[in-house]
Amino acid sequence: MGRPKGFSREEVLEKAMPVFWKHGFADTSLQELERATGVNKSGLYTEFRDKEDLFVACLRHYLESQGKRGLLTQEPLGWKNIETFLKNGPLNKGGNNRGVFPSTRCESSLSFRMRLMGS
(Lines give C-alpha, C1' and ligand atoms only; values in the text may rest on other atoms or scores of the structure.)
Protein backbone atom coordinates (compact mmCIF):
# COMPACT_ATOMS: atom_id res chain seq x y z
CA MET A 1 0.00 0.00 0.00
CA GLY A 2 1.43 3.38 -1.05
CA ARG A 3 1.81 6.50 0.98
CA PRO A 4 -1.21 8.83 0.84
CA LYS A 5 -0.72 11.82 -1.41
CA GLY A 6 -0.25 15.18 0.25
CA PHE A 7 -2.03 17.28 -2.38
CA SER A 8 -5.39 17.59 -4.07
CA ARG A 9 -5.78 17.18 -7.81
CA GLU A 10 -7.85 20.39 -8.03
CA GLU A 11 -5.17 22.34 -6.18
CA VAL A 12 -2.50 21.09 -8.60
CA LEU A 13 -4.66 22.08 -11.58
CA GLU A 14 -5.29 25.57 -10.16
CA LYS A 15 -1.57 26.09 -9.60
CA ALA A 16 -0.46 24.61 -12.93
CA MET A 17 -2.86 26.66 -15.08
CA PRO A 18 -1.00 29.98 -14.70
CA VAL A 19 2.29 28.26 -15.60
CA PHE A 20 0.83 26.92 -18.85
CA TRP A 21 -0.83 30.32 -19.35
CA LYS A 22 2.48 32.15 -19.06
CA HIS A 23 4.77 29.79 -20.99
CA GLY A 24 2.46 27.71 -23.19
CA PHE A 25 2.51 23.93 -23.35
CA ALA A 26 5.76 23.49 -25.26
CA ASP A 27 7.78 25.95 -23.18
CA THR A 28 6.55 24.83 -19.75
CA SER A 29 9.12 22.67 -18.01
CA LEU A 30 8.44 19.99 -15.46
CA GLN A 31 10.64 21.91 -13.02
CA GLU A 32 8.37 24.96 -13.36
CA LEU A 33 5.34 22.78 -12.71
CA GLU A 34 7.01 21.24 -9.65
CA ARG A 35 7.83 24.70 -8.26
CA ALA A 36 4.38 26.11 -8.93
CA THR A 37 2.41 23.15 -7.57
CA GLY A 38 4.71 22.13 -4.74
CA VAL A 39 4.43 18.53 -5.96
CA ASN A 40 7.54 16.64 -7.05
CA LYS A 41 7.93 14.86 -10.39
CA SER A 42 7.03 11.49 -8.91
CA GLY A 43 3.78 12.86 -7.47
CA LEU A 44 2.85 14.59 -10.72
CA TYR A 45 3.47 11.41 -12.73
CA THR A 46 1.47 9.38 -10.24
CA GLU A 47 -1.52 11.69 -10.72
CA PHE A 48 -1.06 12.47 -14.45
CA ARG A 49 0.36 10.24 -17.21
CA ASP A 50 2.58 12.99 -18.60
CA LYS A 51 2.78 16.75 -19.13
CA GLU A 52 0.14 16.62 -21.86
CA ASP A 53 -2.24 14.80 -19.53
CA LEU A 54 -1.74 17.52 -16.90
CA PHE A 55 -2.28 20.20 -19.54
CA VAL A 56 -5.49 18.59 -20.81
CA ALA A 57 -6.71 18.19 -17.22
CA CYS A 58 -6.01 21.91 -16.66
CA LEU A 59 -8.01 22.84 -19.74
CA ARG A 60 -10.92 20.62 -18.72
CA HIS A 61 -10.84 22.00 -15.18
CA TYR A 62 -10.79 25.54 -16.55
CA LEU A 63 -13.71 24.91 -18.92
CA GLU A 64 -15.76 23.09 -16.27
CA SER A 65 -15.20 25.89 -13.78
CA GLN A 66 -16.46 28.55 -16.19
CA GLY A 67 -20.08 27.52 -15.65
CA LYS A 68 -19.60 28.16 -11.94
CA ARG A 69 -18.17 31.59 -12.63
CA GLY A 70 -21.10 32.53 -14.84
CA LEU A 71 -19.38 34.89 -17.28
CA LEU A 72 -20.66 33.06 -20.35
CA THR A 73 -24.10 32.16 -19.03
CA GLN A 74 -25.45 35.52 -17.93
CA GLU A 75 -28.72 36.63 -19.51
CA PRO A 76 -29.18 37.83 -22.15
CA LEU A 77 -26.89 35.36 -23.90
CA GLY A 78 -24.80 36.68 -26.76
CA TRP A 79 -21.57 38.20 -27.98
CA LYS A 80 -21.46 40.63 -25.06
CA ASN A 81 -20.89 37.66 -22.72
CA ILE A 82 -18.01 36.42 -24.85
CA GLU A 83 -16.47 39.90 -24.95
CA THR A 84 -16.82 40.21 -21.17
CA PHE A 85 -15.32 36.75 -20.68
CA LEU A 86 -12.30 37.55 -22.84
CA LYS A 87 -11.73 40.89 -21.10
CA ASN A 88 -12.45 39.83 -17.52
CA GLY A 89 -12.03 36.05 -17.44
CA PRO A 90 -10.52 34.38 -14.38
CA LEU A 91 -7.07 34.09 -15.92
CA ASN A 92 -7.06 37.71 -17.04
CA LYS A 93 -5.49 39.13 -13.91
CA GLY A 94 -3.28 42.16 -14.31
CA GLY A 95 -4.61 43.33 -17.66
CA ASN A 96 -3.51 40.34 -19.70
CA ASN A 97 -5.79 40.32 -22.75
CA ARG A 98 -4.23 37.40 -24.55
CA GLY A 99 -7.21 35.04 -24.28
CA VAL A 100 -7.53 31.56 -22.86
CA PHE A 101 -4.26 29.58 -22.83
CA PRO A 102 -2.83 31.68 -25.66
CA SER A 103 0.54 30.02 -25.96
CA THR A 104 -0.59 26.47 -26.60
CA ARG A 105 1.37 24.99 -29.46
CA CYS A 106 -0.08 21.51 -29.47
CA GLU A 107 -3.57 22.35 -30.70
CA SER A 108 -2.91 20.68 -34.05
CA SER A 109 -2.16 17.35 -32.43
CA LEU A 110 -4.95 14.87 -33.12
CA SER A 111 -4.26 13.00 -29.89
CA PHE A 112 -4.44 16.30 -27.98
CA ARG A 113 -7.81 17.15 -29.53
CA MET A 114 -9.14 13.66 -28.81
CA ARG A 115 -8.02 13.82 -25.18
CA LEU A 116 -9.52 17.28 -24.70
CA MET A 117 -12.85 16.10 -26.11
CA GLY A 118 -12.80 13.10 -23.76
CA SER A 119 -12.37 10.46 -26.45
Side-chain angles (χ1 to χ4, degrees):
M1 188 156 123
R3 196 170 77 186
K5 64 183 181 181
F7 60 89
S8 79
R9 182 180 179 90
E10 185 172 339
E11 200 172 90
V12 168
L13 297 174
E14 289 287 333
K15 292 178 178 179
M17 271 194 290
V19 179
F20 284 122
W21 171 259
K22 181 177 180 183
H23 303 288
F25 174 79
D27 293 333
T28 296
S29 72
L30 190 56
Q31 292 76 23
E32 289 167 320
L33 292 169
E34 286 179 291
R35 266 193 308 278
T37 62
V39 178
N40 65 25
K41 179 169 54 172
S42 173
L44 289 173
Y45 282 137
T46 298
E47 189 71 22
F48 306 96
R49 287 187 301 258
D50 51 26
K51 185 174 85 168
E52 185 176 304
D53 190 41
L54 172 57
F55 178 74
V56 170
C58 283
L59 284 174
R60 283 189 177 144
H61 176 72
Y62 178 81
L63 293 172
E64 289 167 2
S65 68
Q66 292 315 297
K68 296 173 191 166
R69 293 184 174 121
L71 290 173
L72 294 174
T73 58
Q74 291 178 341
E75 296 289 338
L77 299 177
W79 288 110
K80 184 71 174 164
N81 291 15
I82 295 170
E83 181 182 354
T84 301
F85 172 77
L86 293 173
K87 287 182 180 175
N88 305 314
L91 292 180
N92 188 20
K93 295 176 180 138
N96 181 349
N97 287 319
R98 297 184 299 168
V100 178
F101 285 91
S103 301
T104 57
R105 294 188 197 156
C106 64
E107 62 272 349
S108 63
S109 162
L110 179 59
S111 68
F112 170 76
R113 288 183 194 171
M114 300 280 288
R115 287 172 73 181
L116 182 59
M117 299 306 287
S119 300

From [atom1] ([X]) to [atom2] ([Y]), nearest 0.5 Å:
| X | Y | atom1 | atom2 | value |
| --- | --- | --- | --- | --- |
| E34 | K41 | CD | NZ | 7.0 Å |
| F55 | M17 | CZ | CE | 11.5 Å |
| R49 | L54 | CZ | CG | 11.5 Å |

Which atom names give the shortest non-hydrogen contact between [X] and [Y], and what distance separates them?
| X | Y | result |
| --- | --- | --- |
| L44 | V39 | N-CG1, 3.7 Å |
| A16 | L33 | CB-CD2, 3.9 Å |
| K51 | T28 | NZ-O, 2.8 Å |
| E47 | R9 | OE2-NH1, 3.1 Å |
| A57 | F48 | CB-CE2, 3.8 Å |

Parallel, tilted or perpendicular for F20 and F25, by the 30°/60° rule?
->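 F20 and F25: parallel rings.
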E32: what forms a side-chain hydrogen bond (donor to acceptor under 3.5 Å, both in side chains) with it, not counting sequence neighbours?
-> H23, S29
Got a sec, which residues hit salt bridge (Lys or Arg N to Asp or Glu O under 4.0 Å) with E11, two or more places apart in sequence or on another chain?
->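 Checked E11 against salt bridge (Lys or Arg N to Asp or Glu O under 4.0 Å); matches are K15.
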A36: side chain to side chain contact (heavy atoms under 4.5 Å, CB included) partners, not counting sequence neighbours |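 Applying side chain to side chain contact (heavy atoms under 4.5 Å, CB included) to A36 gives V19.
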